[in-house]
Every structure is written in C-alpha cells, then in structure tokens.
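Okay, so here's the structure we're looking at.
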Amino acid sequence: MSIHETLMDGSQKAVMSNYLENLALLERLHRLLLDVVKDEFERLGILEINSVQALLLFNIGENEVTAGELKSRGYYQGSNVSYNLKKLVELGYMHHQRSDIDRRSVRVRLTEKGRKIRVMLNELFARHAEGLDKRGLVSGTAMDDINTSLKRMERFWTEQIRYIY
C-alpha cells in the first residue's frame, strides 16, 4: 500500500477501488470485443482481415479520412493505423489517394468490399444491442447512463494529457 493510499479515508478508498475496476473492465471489454468480432468473421469464413482492421472499416464508415485524422481522434495508435490502412488497401477494402496539396498525406475511403464488412459488423452490433435489451441485461436508459459516464472519463483523461504534462 502506498503512502497516498494510507492517507485515504473509506470513501476515497472505495472510489479508488471502483476506478481500478473500471479500468480493468474497459481493457477486458475491448479485448473481448476484438474476440467477438474475430469469432463472427471466422464463422462467416472471413479470414483475410483481423478484428482491429474490421473495426477500422466500421469506424471510418462513409467518411474519407487520413491516418493522421484517425490518430488525432484517438481511435488508433500511430504505426498500427498506417500498417492496417496499408493492408486494407492491398486487400481491396479501401481506396487511397494522395493529396494534391500535401503529397505525404493519403486519404482513404471504403470500397464496396469494405462497405460489406461494415454492414456485417453493423448487423452483429444490432443483434447484440437487441439481445441485451430483450434479455433485460442493459436497458437503453442504462446504456445512455454508461455512455455519459464514459464520456466524462474520456474528457477527464484528455484534460490530464493536455493540461498536466
């Protein structure tokens, strides 16, 4: 136990305990989401892309973006974005085009093949949302509350990065 922890009262320790549990859950849920997508793709016989690449296609959607924009939105880590985008272009899931203004910048958008993957993921996520609701596991209101709390954590962490260092 650190000196800081010994100075905490009971309610501060409870907040700390819950915060650490939140962090562990976020990490586990992200890994589990990747496994769920992987299993769905194996079931459908889609083996040439991985779950990270599939989620990249899903999140890009109908937008045309650069790797830098994806990184700045905080969705993906640096070199992973470039590698995965390059792979998705090679496999025909994305179009790429160099910017006329800045030749170093490449804009990407989904091909028809990429849009099909996006539709498959959308259907998977729709089934999940419906299943959670029908089974009474997480209501729409509870999901909204969870999203509100997660957005607050996101804002707090963003402030920590921008203003403390």
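Quick caveat: nothing in here was measured; it's all calculated off a predicted structure.
Both Phe125 and Ile46 belong to a common hydrophobic cluster when Ile, Leu, Val, Met, Phe, Trp and Tyr are linked at side-chain heavy-atom distances under 4.5 angstrom. There is a path of hydrophobic side-chain contacts, each under 4.5 Å, that joins Leu26 to Met143. Hydrophobic clustering, with ILVMFWY side chains joined whenever heavy atoms are under 4.5 angstrom apart, groups Leu121 together with Leu33. Taken together through direct or relayed side-chain contacts under 4.5 Å among Ile, Leu, Val, Met, Phe, Trp and Tyr, Val119 and Ile117 form parts of separate hydrophobic clusters. Hydrophobic clustering of Ile, Leu, Val, Met, Phe, Trp and Tyr side chains at less than 4.5 Å, counting indirect connections, unites Leu20 with Leu150.
Using a 4.0 Å cut-off between charged side-chain N and carboxylate O, Glu69 and Arg107 make a salt bridge. For Arg155 and Glu159, the salt-bridge test fails: no basic side-chain N is under 4.0 Å from an acidic carboxylate O.
Side chain of Ser17 to backbone of Lys13: no donor-acceptor contact under 3.5 angstrom is found. Judged by distance alone, with hydrogens and angles left aside, the side-chain atoms of Asn59 form a donor-acceptor pair with the main-chain N or O of Leu55 at under 3.5 Å. Judged purely by atom type and a 3.5 angstrom limit, Ser51 uses its side chain to pair as donor or acceptor with the backbone of Leu34. Of the possible polar contacts, none joining the Asn63 side chain to the Val65 backbone as a donor-acceptor pair under 3.5 Å is found.
Looking at Val36 and His128, their side chains come closer than 4.5 Å, going by heavy atoms from C-beta outward. Counting heavy atoms from C-beta on, the side chains of Leu44 and Met120 come closer than 4.5 Å. Looking at heavy atoms from C-beta onward, Met153 lies in side-chain contact with Asn22 at the 4.5 angstrom threshold. Between Leu57 and Leu88 the shortest side-chain heavy-atom distance falls below 4.5 Å. No side-chain heavy atom of Thr66 sits under 4.5 Å from any side-chain heavy atom of Val108. Annotation: side chain of Val52 is not in contact with side chain of Asn80 (no heavy-atom distance under 4.5 Å). Arg152 is not listed as a side-chain neighbour of Phe156, based on a closest heavy-atom distance of 4.5 Å or more. In this structure, the side chains of Leu85 and Ile60 come closer than 4.5 Å at one or more pairs of heavy atoms.
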Practice prompt. Verify salt bridge (charged side-chain N to carboxylate O under 4.0 Å, His left out) between Glu112 and Arg115, making sure each step is shown before the conclusion.
Written response: CA-CA 5 Å; Glu112 185 58 35; Arg115 283 192 288 282; 3.2 Å; yes
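Evaluation of the side-chain contact (heavy atoms from CB on, under 4.5 Å) rule for Arg127 yields Glu40, Arg43, Glu123, Leu124 as partners, not counting sequence neighbours.
Thr141 OG1 to Asp145 CG: the interatomic distance, rounded to the nearest 0.5 Å, is 7.0 Å. Here CG of Asn84 is found 4.5 Å from CD of Gln53. Values are rounded to the nearest 0.5 Å. Atoms CG and NZ, on Asp35 and Lys38 in that order, are 6.5 Å from each other to the nearest 0.5 Å. Taking CZ of Arg118 as the start and CD of Glu62 as the end, the distance is 6.5 Å to the nearest 0.5 Å. The distance from atom CD of Glu64 to atom CD of Gln97, rounded to the nearest 0.5 Å, is 6.5 Å.
With a 6.0 Å radius and a threshold of 12 heavy atoms from other residues, nucleotides or ligands, His95 has its NE2 atom above the threshold. The number of heavy-atom neighbours closer than 6.0 Å to NZ of Lys116, taken from other residues, nucleotides and ligands shown, is 12 or below.
The heavy-atom pair separating Thr111 from Gly92 by the smallest distance is OG1-O, 2.6 Å. Across every non-hydrogen atom of Gly140 and Asp133, the tightest pair is N-OD1, 4.4 Å.
In this model, a donor atom of one side chain and an acceptor atom of the other lie less than 3.5 Å apart for Tyr93 and Glu48.
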